[in-house]
Structure formats: structure tokens, C-alpha cells
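Count residues from 1 along the sequence. Please read all numbers here as calculations on a predicted model, not as lab measurements.
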Amino acid sequence: MKTVRIDSLDLPGLDDYARLTDVVLRRLSEPAGGLYIAESSKVIARALAAGHRPRSVLVQEQWLDDIAPLLAEWDDVPVFVGDAATLESLTGYNLHRGALAAMHRPELRPVADVIAGARRVVVLEDITDHTNVGAIFRAVAGIGADAVLISPRCADPLYRRSVRVSMGTVLQVPWTRLPEWSEAAPLLHDAGFHIAALALADDAVTLDDFAATVPAKLALVLGSEGDGLSRQALTAADTVVTIPMSHGVDSLNVASASAVALYTLR
């Protein structure tokens, strides 16, 4: 392993880890340089297993033995080693999970390639909370769907918090970005998908009723946390589906709703 002891925060290569606070990272979407940050040895392992290429690793001394086996095939990748205080000074937060890796971001695949052979896909429209994005990916991986498609303004699934909350499943579930609905809806329809929008509407059918005759190929669309689905998404939908609620509550958090819907439609 090519270990580099940190004796100065000006070392070449450390810029990838500088100021990784949420405030800074939330301003970035698929940042310049084509990198994303994988946090913890488990997530780094999943990134490598998915075929993603590491650029470098940043690790606390006590976690070095955990990282070493993961990098057996990457002996040219620098592994920066430092104490907790040094790493916190560099990144801007307490690196309590022990290790970070700067990973080269894979190129987004065409929508047609991602949905080829898929029977169930989840579409995320303009979801801006990275925690929700990560939680939805975890539900998709755990309960069952073949791919995730995200709108042009949806939060980045490879943002550090999204990856962490998903337990690394954003690195396993196939995903890509959709164009605007004027192009996205024909793409899905031409591939044989029934578009079902999860939303409140007067003409909505209940999730239970929809599950009784669920189409063979389904694209389930989930909307943003505040405003829900756009008019364009609702217009593109073949069916609007709602989760029956009680006690005057009209909806669930979008990540919770995704899990309920995917389980019911499994």
C-alpha cells in the first residue's frame, strides 16, 4: 500500500478532502473533476466492487488495517494517513467512520441502457434532500426495483450523505438522469412502462387497488418533499396512486412512502 503520512495539509492530493462540510457540498451537483467521496470501509468496499476507480484514500491510523485488504489491487493509489485532529482540520468534520476515499465518478449511462430488461423502476423528481435520496435507494435495493431514474434537478445520489444513508446501495442499484418530462415520458412509454405517480389527487386510486392489477412494467414516480410532483409529471402519468392515510394525516415522508409502495407492489 502506498501510504503517505500527513505532515502538512498542503500535500498534493489532499484538496479532494478539503472542506467537506454539508454546507459546502450542498452547493455542488456532480462536481467538477468527476469525483465523489465514499465514506467508511464498507462503502469503499462496495464502490470498488461496483468497478469504481479510487483516486486516493484518507484514513485514521487505527483504521489502516481495515483498508489495506480493499486496496490489494490498487497499490499505486495513495493512502493518506493522519490522526483524528488533523483529518478534522482538513475535512471540516469529525471523521468518526475512519476512512474516506476520493473515487472517480463513473459516466452516466443512457436511460435506454439502464431500463433495458427492467420491470420495475423508481423515478425521483426534484427530491432535494440527500438523506431522502439515500433512503429511497436503500428501499429500492432491499425491497425490490431494478433501477432508479432521477430528474435533472434531483439531488446527487453520489453526494456523501446520500451514499452513507443508502449504506452504499447507490453504488449497486443502476441509476441515471432523465431528461425533462417532454422527452422522459415517451422514453418510458416506448419501453413499455406504465407510469404511476404517487400523489394526492381527486382521481387517484388507492395503492391497494393498484397493487391488485399492477402492470407488468411499472415506473413509480415520487415527488419533491415540499411541493410533491409537478404538473408535468402528473400529466405524464398513466395512473395517480395514493397511500390511504388515517387521523387527518395526508401523506408520508417521501422515503417512507417509497418503502410502503415498493413493499405493497413487490
Asker: Does atom CD of E107 have more than 12 heavy-atom neighbours, drawn from other residues, nucleotides or ligands, at distances under 6.0 Å?
Answerer: no
Asker: CG of L108 to OG1 of T176: how many Å apart, nearest 0.5 Å?
Answerer: 4.0 Å
Asker: Can you find a pair of side-chain heavy atoms, one from L48 and one from P54, that are under 4.5 Å apart?
Answerer: yes
Asker: For F80, what residues pass the ring-ring contact (aromatic ring centres under 6.0 Å, His included) criterion, not counting sequence neighbours?
Answerer: none
Asker: Do you know the tightest heavy-atom contact between T206 and P244?
Answerer: CB-CG, 4.0 Å
Asker: Just by distance, with hydrogens left out, do E125 and S230 show a side-chain donor and acceptor under 3.5 Å apart?
Answerer: yes
Asker: Do the charged groups of R5 and D83 touch, with an N to O distance under 4.0 Å?
Answerer: no
Asker: State whether the side chain of D146 and the backbone N or O of R119 hold a donor-acceptor pair below 3.5 Å, judged by distance alone.
Answerer: yes
Asker: Using the rule given for side chain to side chain contact (heavy atoms under 4.5 Å, CB included), can you reason through V140 versus S258, listing the C-alpha separation, both sets of side-chain angles and the distance that settles it, and then say yes or no?
Answerer: CA-CA 8 Å; V140 166; S258 75; over 6 Å; no
Asker: I would like to know whether R153 and D126 meet salt bridge (charged side-chain N to carboxylate O under 4.0 Å, His left out); could you show each step before the answer?
Answerer: CA-CA 5 Å; R153 289 163 296 281; D126 299 356; 3.6 Å; yes
Asker: Contact between M167 and R46 at the side-chain level, heavy atoms closer than 4.5 Å - yes or no?
Answerer: yes
Asker: For the pair T91 (side chain) and L87 (backbone), establish whether a donor and an acceptor sit closer than 3.5 Å, ignoring hydrogens and angles.
Answerer: yes
Asker: Do V133 and W175 have side-chain heavy atoms sitting under 4.5 Å apart?
Answerer: no
Asker: Could you tell me if the side chain of P157 sits less than 4.5 Å from the side chain of I150, heavy atoms only?
Answerer: yes
Asker: Give, for atom CD of E39 and atom CG of L58, the distance between the pair rounded to the nearest 0.5 Å.
Answerer: 10.5 Å
Asker: Same cluster or not: are L229 and V240 linked, directly or through other Ile, Leu, Val, Met, Phe, Trp or Tyr residues, by side-chain heavy atoms under 4.5 angstrom apart?
Answerer: yes
Asker: Taking all non-hydrogen atoms of both residues into account, name the closest pair between T242 and A199 and its distance.
Answerer: CB-O, 3.5 Å
Asker: Please check if I136 and L149 belong to a single hydrophobic cluster, counting links between Ile, Leu, Val, Met, Phe, Trp and Tyr side chain heavy atoms closer than 4.5 Å.
Answerer: no
Asker: Shortest non-hydrogen contact from L252 to S256?
Answerer: CB-CB, 4.3 Å
Asker: Under 6.0 Å from the CG atom of D76, do we count more than 12 heavy atoms belonging to anything else shown?
Answerer: yes
Asker: Linking I/L/V/M/F/W/Y whenever any side-chain heavy atoms sit under 4.5 Å apart, do V214 and V221 land together?
Answerer: no
Asker: State the CD1-OG distance between I67 and S40, to the nearest 0.5 angstrom.
Answerer: 8.0 Å
Asker: To the nearest 0.5 Å, what is the distance between CD (Q172) and OG (S166)?
Answerer: 8.0 Å
Asker: Where the side chain of K217 meets the backbone of R120, is there a donor-acceptor pair that is under 3.5 Å apart?
Answerer: no
Asker: Taking the six-membered ring of Y159 (Phe, Tyr or Trp), confirm whether the NZ or CZ of R161 is under 6.0 Å from its centre and within 45° of its axis.
Answerer: no
Asker: Stepwise, does the side chain to side chain contact (heavy atoms under 4.5 Å, CB included) test hold for L220 with V241?
Answerer: CA-CA 9 Å; L220 182 67; V241 180; 5.7 Å; no
Asker: Do L265 and I115 belong together in a cluster built from hydrophobic side chains that touch within less than 4.5 Å?
Answerer: no
Asker: Mind checking whether V4 and L11 have side chains closer than 4.5 Å, heavy atoms only?
Answerer: yes
Asker: Using modelled atom types only, decide if a donor and an acceptor are shared between the side chain of T264 and the backbone of V260 within a distance under 3.5 Å.
Answerer: yes
Asker: Does Y17 reach the side chain of S56, with side-chain heavy atoms less than 4.5 Å apart?
Answerer: yes
Asker: Do V148 and V123 have side chains that approach each other closer than 4.5 Å (heavy atoms only, starting at C-beta)?
Answerer: no
Asker: Determine whether L171 and L158 satisfy the following criterion, side chain to side chain contact (heavy atoms under 4.5 Å, CB included), listing intermediate values before the conclusion.
Answerer: CA-CA 8 Å; L171 308 170; L158 293 183; 3.7 Å; yes
Asker: K2 and W74: side chain to side chain contact (heavy atoms under 4.5 Å, CB included), yes or no, with the steps?
Answerer: CA-CA 9 Å; K2 184 181 176 182; W74 301 96; over 6 Å; no
Asker: If you compare all heavy atoms of V114 against all heavy atoms of A147, which two are closest, and at what distance to 0.1 Å?
Answerer: CG1-CB, 3.6 Å
Asker: Test salt bridge (charged side-chain N to carboxylate O under 4.0 Å, His left out) on R105 and D156; report intermediate values, then the result.
Answerer: CA-CA 12 Å; R105 182 180 289 264; D156 179 16; 2.8 Å; yes
Asker: Ignoring hydrogens, what is the shortest heavy-atom contact between G144 and L262? Give both atom names and the distance.
Answerer: O-CD2, 3.7 Å
Asker: Between L124 and V173, is there shared hydrophobic-cluster membership here, with clusters defined by ILVMFWY side-chain heavy atoms closer than 4.5 Å?
Answerer: yes
Asker: Going by salt bridge (Lys or Arg N to Asp or Glu O under 4.0 Å), name the pairs with one or both residues in residues 226-239, residues two or more places apart or in two chains.
Answerer: none
Asker: Roughly how far apart are R138 CZ and I143 CD1, rounded to 0.5 Å?
Answerer: 10.5 Å
Asker: Hey, could you give me the SG/CZ distance between C154 and R177, rounded to the nearest 0.5 Å?
Answerer: 6.0 Å
Asker: Check whether any side-chain heavy atom of R55 lies under 4.5 Å from a side-chain heavy atom of M103, and answer yes or no.
Answerer: no
Asker: Which atom names give the shortest non-hydrogen contact between A102 and D16, and what distance separates them?
Answerer: CB-OD2, 3.9 Å
Asker: Report the C-alpha separation of H104 and Y36 in whole Å, then their side-chain angles, then the decisive distance to 0.1 Å, and conclude whether the side chain to side chain donor-acceptor pair (under 3.5 Å) test is met.
Answerer: CA-CA 7 Å; H104 289 280; Y36 73 92; over 6 Å; no
